[in-house]
Amino acid sequence: MPQKKMQTPSKEPESSSMTHEEEEEILHDISKLQEQVQQMSRSQKLTDANINGVESKINGVESKIKGMEAKMDDSKTDLKRDMADLKMDLKTDMEDLKTDLTNFLQEILTNGEKVVKETHDVNKSNVNHDSIDFNVGFKTHHIPKIDMRKRRHD
């Protein structure tokens with residue numbers, strides 16, 4: 001089957017002539033479209049600016065968070081160091097206290113021995129005086145008799 005070719009019309013369309021009112025209407029519509037395009041462009045620029053502002057704020061917040069994290073890490077390190085220093089200071093203070101207490105107790109014990117020795121010496125001399133008084137004084141010392149029997153309680 002032979003194919004038929006599409007034929008173009010031999011008659012050219014007549015050019016339509018627009019009226020002045022139609023031309024003004026089209027120009028008005030084009031003007032409206034241009035205004036809408038410009039408004040959309042301004043809106044898009046404003047949206048882009050807002051997005052950039054928000055992104056900038058987000059970046060600022062992120063950098064502040066990173067700064068805070070760094071400060072927290074520094075604080076943790078400082079706290080650990082301070083705790084270690086405090087532990088060493090407490091250990092040293094406890095050792096010093098132990099040494100001071102040991103010295104104090106040794107001093108007390110040494111002074112206590114002197115007191116006991118002095119008291120013993122005074123008692124010894126008192127015993128010697130009593131012995132002298134006993135030998136020189138009255139020989140009749142009365143010692144009361146103590147009843148040591150057990151009593152029954154009814």
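Bear in mind the structure is a predicted one, so any value in this text is a computation, not a measurement. Below, all heavy atoms of this structure are taken into account, side chains as well, without hydrogens, waters or symmetry copies.
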**Prompt:** Counting distance only, does the side-chain N/O of Thr47 pair as donor-acceptor with the main-chain N or O of Ser43 below 3.5 Å?
**Reply:** yes
**Fill in**
Taken to the nearest 0.5 Å, the spacing of Gln38 CD from Leu33 CG works out to 11.5 Å
**Message:** Could you tell me if the side chain of Gln39 sits less than 4.5 Å from the side chain of Glu35, heavy atoms only?
**Reply:** no
**Item:** Any Gln106 side-chain heavy atom under 4.5 Å of Asn103 side chain
**Value:** yes
**Asked** Is Met18 reachable from Ile30 through a run of hydrophobic residues whose side-chain heavy atoms are each under 4.5 Å from the next?
**Response** yes
**Prompt:** What's the spacing between Lys64 NZ and Met68 CE if we round to 0.5 Å?
**Reply:** 10.0 Å
**Prompt:** Any side-chain donor paired with an acceptor under 3.5 Å for Glu24 and His28?
**Reply:** no
**Request:** Kindly give the cluster partners of Val54, where membership spreads through any ILVMFWY side chain lying under 4.5 Å from a current member.
**Result:** Ile58
**Prompt:** Could you state the interatomic distance from CD (Gln34) to CG (Leu27), rounded to the nearest 0.5 Å?
**Reply:** 9.5 Å
I'd like a table of donor-acceptor pairs (distance under 3.5 Å, sequence neighbours excluded) in which one partner is a side-chain atom from residues 73-89, with atom names and distances.
{"residue": "Ser75", "atom": "OG", "partner": "Lys71", "partner atom": "O", "Å": "2.9"}
{"residue": "Thr77", "atom": "OG1", "partner": "Asp73", "partner atom": "O", "Å": "2.9"}
{"residue": "Asp78", "atom": "OD1", "partner": "Arg81", "partner atom": "NH1", "Å": "3.1"}

**Point-to-point distance, once rounded to the nearest 0.5 Å, from CD of Glu25 to OG1 of Thr19** = 8.5 Å
**Message:** For the CG atom of Asp48 and the CD atom of Glu55, what is their distance to the nearest 0.5 Å?
**Reply:** 9.5 Å
**Asked** How far does CD of Gln44 sit from CG of Leu46, to the nearest 0.5 angstrom?
**Response** 10.0 Å
